[in-house]
2 protein chains.
Amino acid sequence: MLKISGFANLPPMTRTRKPAAPAAPAPQTPPPAEPARRPRGRPRKTALEIDDGNRRRALMDCAAELFLTQGYAATSVRDIAAAVGMHSGSPFYFFKSKSDLLHAVMHEGMLQAELSQQQAMQALAPDTPIAERLRTLIRHHFEVLLGPRSGFIPVMLYEWRSLTAVQRNDVSGIKDRYEAVWAPVLEQLHAQGALQADPGVARLYIFGALHWAVQWFSPRKGMTLDQLSDQAMALFIRKD
Amino acid sequence: MLKISGFANLPPMTRTRKPAAPAAPAPQTPPPAEPARRPRGRPRKTALEIDDGNRRRALMDCAAELFLTQGYAATSVRDIAAAVGMHSGSPFYFFKSKSDLLHAVMHEGMLQAELSQQQAMQALAPDTPIAERLRTLIRHHFEVLLGPRSGFIPVMLYEWRSLTAVQRNDVSGIKDRYEAVWAPVLEQLHAQGALQADPGVARLYIFGALHWAVQWFSPRKGMTLDQLSDQAMALFIRKD
DNA sequence: CCTACCGATCGGTAGG
DNA sequence: CCTACCGATCGGTAGG
């Protein structure tokens with residue numbers, strides 16, 4: 001289930017037109033059933049020469065940025081193709097449909113977010129206070145939403161309705177696991193009186209508060225993600 | 001500036017096909033320059049017979065519902081026309097463009113929200129405690145977002161990017177006035193220690209938390225808007 | 001408001 | 001991946 005690709009090692013949101021040098025083939029996503037035999041004679045730039053993994057990734061990065069800026073329905077496949085330097089029909093070589101591309105963005109984004117959240121929590125010492133655990137979750141969530149590699153999750157938040165029911169169901173599974181990590185933390189904070197509201201409702205409110213930062217946060221406006229996290233903690237958690 | 005139409009008296013979000021009896025002419029919005037002279041002979045259902053104000057409203061109500069469900073770009077003018085029982089070209093008799101219709105929804109929604117917020121606050125006794133003032137603002141905001149007449153404001157929240165720059169600027173003015181009411185309340189709560197976070201950032205977080213309820217709140221799931229407001233207060237405001 | 005229509009754009013495909 | 005293409009849909013308009 002947790003088939004994490006090398007996503008974390010690749011810089012998303014980079015708009016590249018015809019990359020200068022085709023990078024090393026990505027080991028993760030298997031190319032869509034392309035035969036392995038080599039062409040005879042002088043190598044030409046054919047489907048066999050193309051680094052399918054990287055082109056897929058480039059499409060997803062550009063798609064995410066455009067979906068976020070203009071919305072899924074208002075973005076044409078031609079827009080995306082142009083952004084990565086392809087011709088209008090070429091994205092369909094990598095993705096069965098526009099809808100599949102949207103789904104791939106959300107699916108990969110959630111897998112990556114789940115993985116990095118796990119890593120952030122496991123890096124904490126076993127005796128870390130609960131409030132500090134929540135701060136870590138919040139800080140990590142801002143990284144996912146607003147950090148240098150962001151884009152996929154904001155698209156998920158604001159284009160949820162553009163998924164089909166089947167796709168929603170698929171992404172929901174990962175999203176549920178991601179959110180489930182927060183529940184025990186909030187429950188313990190509630191038990192010790194630091195969180196006044198019901199933990200279940202609080203989780204929904206807190207996610208809303210954090211998610212909405214996508215709409216207004218600008219890194220140039222002075223605040224860092226750390227300060228953002230501190231303010232969130234101050235708002236939600238009682239400090240005695 | 002505050003040319004409030006009779007909006008509050010009309011039930012939005014009602015999907016009507018060919019209303020049985022043409023209601024009394026709405027006094028508010030002046031019809032788009034339709035001559036006042038009567039046709040001779042037997043009255044026919046022509047442009048002169050049509051209640052332009054009500055048809056405009058019906059278009060806005062249906063448009064808001066569809067924009068919210070499917071998104072602005074994914075909703076065709078034909079969809080909207082069909083929902084109110086018109087033919088495909090007819091909405092352009094009432095609105096210059098699809099974009100104008102979206103703008104009208106947001107503009108009217110914000111005017112109405114600003115008015116009802118003013119009324120809710122003015123109904124409070126002068127010596128009402130500050131925490132109770134915030135609760136009133138929150139409760140009213142939930143009414144606007146989730147109440148029986150909701151729809152226009154959620155569309156504004158989630159289709160902001162679909163507006164042109166000029167339209168955004170126009171709606172921003174009303175939105176700023178609506179939000180400005182919250183600032184002194186939060187500042188006073190901060191001054192007396194009931195709000196720990198910076199009031200400016202807190203306002204952004206709180207709006208995010210409340211706005212997001214549009215995504216998950218379902219009136220059948222048990223909670224009332226009052227309970228929702230109480231939980232929000234418990235989350236944000238320190239009770240000693 | 002309807003009728004009849006147009007030009008533009010869009011998702012997607014066949015075949016290499 | 002490109003070339004060349006198609007059928008469908010869409011926003012909008014003229015004229016009544």
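Excluded from the calculations below are hydrogen atoms, water molecules and symmetry mates; all remaining heavy atoms, backbone and side chain alike, are included. Throughout, a chain's letter reflects where its sequence line sits, starting with A, and its residues are numbered from 1.
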Closest of C:dT3, C:dG12, D:dG12 to the B:His87 side chain is C:dT3

Of D:dG12, C:dG12, C:dC1, the nucleotide closest to the side chain of B:Ser90 is C:dC1

Between OH of A:Tyr93 and P of C:dT13 the distance, given in whole Å, is 16 Å

Problem set entry | Side-chain N or O of B:Ser97 closer than 4.0 Å to phosphate OP1/OP2 of D:dG11 | no

Scanning all shown strands, the Watson-Crick or wobble mate of C:dG15 with both distances under 3.5 Å is D:dC2

Between CG of B:Leu59 and P of D:dG12 the distance, given in whole Å, is 14 Å

Mate of D:dC10 across any strand shown (Watson-Crick or G-U wobble, both atom pairs under 3.5 Å) is C:dG7

query = Can you check whether B:Glu114's main-chain N or O pairs, donor with acceptor, with B:Arg177's side chain at less than 3.5 Å?
reply = no

- Item | Ion pair B:Arg161/A:Glu159, N-O distance below 4.0 Å | yes

Rounded to whole Å, the CZ-C1' distance (B:Phe94 to C:dC2) equals 12 Å

(request) Decide whether a cation-pi geometry holds between A:Lys98 and A:Tyr72; the criteria are a distance under 6.0 Å from NZ or CZ to the six-membered ring centre and an angle within 45° of the ring axis. (result) yes

**Request:** Under 4.0 Å between any heavy atoms, over every strand shown, what does B:Thr75 touch: base, sugar-phosphate, or nothing? Just pick one.
**Result:** sugar-phosphate

Here the distance between atom P of D:dC10 and atom CZ of B:Phe92, to the nearest Å, is 11 Å

Taking 4.0 Å as the cut-off, does a side-chain nitrogen or oxygen of A:Ser76 come that near to OP1 or OP2 on C:dT9? no

When rounded to whole Å, the CE to C1' distance for the pair B:Met86 and C:dT3 reads 16 Å

Side-chain atoms of B:Arg78 come closest, of D:dC2, C:dC5, C:dT13, to C:dC5

inquiry  = I'd like to know if the side chain of B:Ser76 pairs up with that of B:Asp79 as donor and acceptor (distance under 3.5 Å, no hydrogens or angles considered).
reply    = yes

key: Distance-only polar pair, side chains of A:Gln117 and A:Trp182, donor-acceptor under 3.5 Å   = yes

Here the distance between atom C1' of D:dG11 and atom CG of B:Asp79, to the nearest Å, is 13 Å

From CG of A:Leu66 across to P of C:dC10 the rounded distance in Å is 12 Å

In whole angstroms, the gap separating C1' of C:dC10 from CG of A:Leu102 amounts to 17 Å

